[in-house]
Amino acid sequence: MSRYNFRECEQKWQRIWTERETFVAREQLNRPKYYVLEMFPYPSGRIHMGHVRNYTIGDVVARYKRACGFNVLHPMGWDAFGLPAENAALENNLHPAKWTKDNIDNMRDELQSMGISYDWDRELSTCDHTYYRHQQKLFLDLLGEGLAYRREAVVNWDPIEQTVLANEQVIDGKGWRSGVPVERRTLSQWFLRITAFADELLEELEKLERWPDRVRLMQENWIGRSEGLLMQFEIIGRDDTLELYTTRHDTIFGASFCAIAPEHPLAQELATSRLSLQEFISECRRLGTSEVAIETADKIGFDTGLKARHPFRSDVELPIYVANFVLMEYGTGAIFGCPAHDQRDLDFANKYNLQVLPVVASSESTNHGVISDEAYVGDGILINSDFLNGLNVVEAKRAVAERMTRRSIGEKTVKYRLRDWGISRQRYWGCPIPVINCDECGIVPVPDTELPVTLPDDVSFETSGNPLDRHSTWKHVECPSCGSKAERETDTCDTFVDSSWYFARFASPSADTPLDRDAADYWLPVDQYIGGIEHAILHLLYSRFFTRALKTCGYLGVDEPFEGLLTQGMVCHETYRDKDQNWLYPEQVQRGENGKVTHIETGEPVTVGRSESMSKSRRNVVDPASIIATYGADAARWFMLSDSPPERDLEWTDSGVEGVWRFINRLWRLSTEPPNGSGKSVRPDAALNLRRTSHRILSSVTDDLEGFHFNRAVARVHELANLLGDTPRTECDQEVKQAWQEALDILIQLIGPMMPHLGEELWAHQGHKGLLADEPWPTANPDLLQNELVTIIVQVNGKVRGRLQIAPDQDDKNVVRSALDLENVKRAIGSRSVNKTIVVPNRVVNVVV
RNA sequence: GCGGGCGUGGUGGAACUGGUAGACACGCCAGAUUUAGGAUCUGGUGACGAAAGUCGUGGGGGUUCGAAUCCCUCCGCCCGCACCA
């Protein structure tokens, strides 16, 4: 019994595909295009199972669409800038460029061993100046369009590292490495004006029909459109007014205080002369800028002593507090607090003994809206509210808005939670922002002819802070405008910028301009994008924004970058712990005959935990490279597609991949040593049965691949393989032999996109001359899909009592007559009389007695 | 707290718009073959029952001739968002 030599075969076919440029994509205007893209990886050095799943799914789609006649673009690249390279540089004394390049080389090898149908000619890397020079050009174009700008913004500042930290690098208000409290510092930062497209980005989510609903919902919440009222309150004893924003103007008569953000200009102004307020503001700053940090803190405030006059009750004066829970970034940075109907305001009021006046009474409530610890935020009837009494919330909002608008102290306003995108990073390993800061001329763009602004190689990471900032020569330049001494911008771009347009660059990866318009027009948008749900908001929203910005600058003609989106689930594995609760790697444990799991080295029992997503910290990881070395790429790929639907989590098991390996060898034997029929009886209709089944399965696998139901496709292929194994391929019966061969060819074509190496090998073994990869997708013969007989279920009172095998599309009366004739049905009816019968054509007869 | 999703054998999961629940696979059991096997082949495998049959898709209720699927309610798990005014 022979075995499939995957090592030899996989390498052979990968070589042939490369030699024949099978997957090299070229623009062909007369052919329909299909652009499949998987989210490009960060080059960490090794691929993990998540990549294997992601790229396998993408490859199935690419190969399938290719077979269907589409001109497929399926590229791959590297999201190669970012912090890990700098950390590695520090730890291993390696230059980030060198570290990144080595990692890319290794990961490329690993990816290539998977046999994915990438057009490697289009490979790009974001850290390569041939890529980022164009990004710099795009940045300058955005600057010209007013879509990029610089302003002061609050950041997390690590005083030891002398650097800005991302929110996720702040743990419990402390720097992740330094361990010292992070400060909120105001720095000049670059922003992209994503808010200019807030409405469009929200509205057009609706059009993304091939996106998962939950991703669209997440983006909707993230953009967070709200309709409210912008209002002016008189500040007693001052000339200026306090501008605030609310969506609950109906509760205006319940207002008992006003609160402003620590960064609010009024707070800043008052702080200059009051030390205690300064201290309070810095206390708020120590919280960090992350919303989570602000959220978990107690609500505290500082009474400024100032009062604001209530707009409808001139006798009521509201104390103005500076409060830590008011965000400068949202609305106007100032609110009025109505404790009875907002939980935060209530917590705050209870702490500072402020009045809690209920103004909205729930229609069900029996206590006239009395509030203790829980604010009432629902709808109801207005009380204690002067001219609003008796109205509901919506009516009251309208009434307040009208009156305030008439008095010119209020204006209906739409606000968004979405904020402009801060892209400044005080780091080395990123795309330099191509501007020069001149004392005379201000911000001066680097002239196009001087692009790219490349990163200097001679940098050290020994000392803290941004290496670009302390570089001896790099940042000192002449102002391109006036010629006087000036400095380069030392901030680099957030890596999300790099990934916001790479999909477009793939259309013309070596163009001299950022994008070749013709190529972009041909290939874009991406027809199917595939990646993890973790990018549901930021990456996808930034890319949607960037696409619109690029359209504004005339680079492309589409609004939406990704027409279809598939978010695949994670790869999970059981977890293991020893008796001291230390995590163990799967290869450190073994399962004995009795099902007991023990530590291989110590023999001690191991606690098996539930399956969780593979992660290094839990050690429940399986290295794709070792799986590919043991069972081959096709086995890993097939496993990734079996069992779980792509959008759900998948559990990796040893027994599962062993099962795949057995299946691969079964297919191999079907092709090389077909069952000869010794000792088996051949059904008289064996040939027809084979043909019907193989065409039915061809049809359903085609549907499954169209709908990304890979697990169902796998099941159907198993079914066909089972039937082939059960049907002797007798040499004496020409009809059976032909049907068998046809079915085997269909089977091979069906596995082609999923197990491409095995597919090619079997295809060649069957004597076909060309590559399977070049073979058009087969079509099922409709005649063979029509069944000669259908099985109709016969129910009595909804319970199955028998089945009929009859020709399809029969008259209802005939069907009922045959049904009532069945022995079992007669018995079930007994002496009762038939009340009525329901017939579902070709499916069910239900006899009601 | 708000929003979304999910709950089906020992396990992963099938079941299209309500119409044969458990496809397919893993595991397990029995047998064959083999020096042996983690290889291969055959048969079995939701529960209870000798069988006819009964029960069965997280619990309870409802709509329907008929419910895993629709509605209500409760329980459990997962994900996202959140001092957003």
Side-chain angles (χ1 to χ4, degrees), chain A residues 1 3 212-215 217-218 220-222 224 226 228-229 244-249 251 259 291-292 294-299 323-327 329-338 341-345 347-348 374-375 377 415-419 533-534 536-537 572 595 610-611 639 642-645 647-660 662-663 665-666 669 675 700 703 707 709 711-719 721-722 725 791-800 802-803 824 827-828 835-849:
Chain A
M1 190 177 69
R3 279 206 176 194
D213 288 341
R214 67 174 175 144
V215 173
L217 187 70
M218 280 159 76
E220 190 182 319
N221 291 336
W222 188 262
S226 71
L229 198 64
L244 42 87
Y245 177 73
T246 181
T247 55
R248 289 302 305 272
H249 30 295
T251 64
E291 291 178 355
V292 178
I294 294 170
E295 164 198 333
T296 45
D298 262 351
K299 285 150 200 62
N324 64 343
F325 65 95
V326 180
L327 302 175
E329 290 86 354
Y330 192 79
T332 60
I335 62 159
F336 76 75
C338 174
H341 306 292
D342 184 293
Q343 193 59 46
R344 296 155 295 167
D345 297 348
D347 293 347
F348 190 79
E374 210 172 315
V377 295
K415 292 272 180 198
Y416 297 91
R417 178 186 177 277
L418 183 70
R419 298 173 210 163
I533 187 77
E534 65 273 19
I537 298 177
C572 300
R610 62 182 201 128
S611 183
F639 187 97
S642 321
D643 287 356
S644 296
E647 58 279 359
R648 271 207 241 173
D649 287 353
L650 173 130
E651 191 177 343
W652 181 273
T653 59
D654 286 348
S655 52
V657 74
E658 276 160 23
V660 171
R662 288 198 296 270
F663 180 64
N665 281 297
R666 257 180 77 209
R669 286 193 305 275
S700 59
D703 290 346
H709 305 300
N711 55 326
R712 301 202 302 217
V714 164
R716 297 288 85 80
V717 168
H718 273 287
E719 229 177 284
N722 289 345
T791 305
I792 293 180
I793 296 308
V794 183
Q795 301 177 333
V796 177
N797 283 348
K799 285 194 196 301
V800 180
R803 55 204 64 202
N824 221 27
R827 181 145 35 93
N835 271 339
K836 70 170 173 177
T837 52
I838 290 115
V839 181
V840 181
N842 299 331
R843 299 200 101 145
V844 161
V845 175
N846 192 6
V847 180
V848 184
V849 294

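Throughout, a chain's letter reflects where its sequence line sits, starting with A, and its residues are numbered from 1. The figures that follow rest on heavy atoms only: side chains count, while hydrogens, waters and symmetry mates do not.
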chi for B/G9 classified (syn = within 90 degrees of 0, anti otherwise) as syn
Next item on the list: Report yes or no: is there a donor-acceptor pair, N or O only, under 3.5 Å between the side chain of A/Q795 and the base of B/G19?
Entry: yes
Does A/N846 contact B/C65 through a side-chain donor or acceptor facing the base, at a distance under 3.5 Å?
yes
Whole-angstrom distance between [N] and [M], as gauged at atom [atom1]:
N	M	atom1	value
B/G60	B/A68	P	14 Å
B/A14	B/C81	P	26 Å
B/G3	B/G66	C1'	34 Å
B/A47	B/A23	P	13 Å
B/G37	B/C29	P	14 Å
B/A21	B/U8	C1'	8 Å
B/G1	B/C74	P	13 Å
B/C78	B/C71	P	24 Å

What heavy-atom pair brings [X] and [Y] nearest, and what distance separates the two atoms?
X	Y	value
A/N221	A/R417	O-CD, 3.7 Å
A/A259	A/V326	CB-CG2, 3.8 Å
A/G228	A/Y245	N-OH, 3.1 Å

Can a side chain N or O of [X] be found less than 4.0 Å away from OP1 or OP2 on [N]?
X	N	result
A/N711	B/A23	no
A/R662	B/C26	yes
A/K836	B/G66	no

Applying a 3.5 Å limit to both distances, which nucleotide forms a Watson-Crick or G-U wobble pair with [N]?
N	value
B/A52	none
B/G12	B/C24
B/A32	B/U40
B/A68	none
B/C81	B/G1
B/G7	B/C75

Counting any heavy atom closer than 4.0 Å, what does [X] reach on the DNA or RNA strands: base, sugar-phosphate only, or nothing?
X	answer
A/R827	sugar-phosphate
A/D703	nothing
A/R716	base
A/D654	nothing
A/S644	sugar-phosphate

What distance separates [X] [atom1] from [Y] [atom2], expressed to the nearest 0.5 Å?
X	Y	atom1	atom2	answer
A/D703	A/R716	CG	CZ	11.5 Å
A/E658	A/F639	CD	CZ	10.5 Å
A/R803	A/N824	CZ	CG	10.0 Å

On RNA chain B, more 5' by nearest nucleotide between A/V840 and A/V847 is A/V840
Between A/L217 and A/F663, whichever has its closest RNA chain B nucleotide further toward 5' is A/L217
Heavy-atom side-chain contact between A/V844 and A/I793 under 4.5 Å: yes
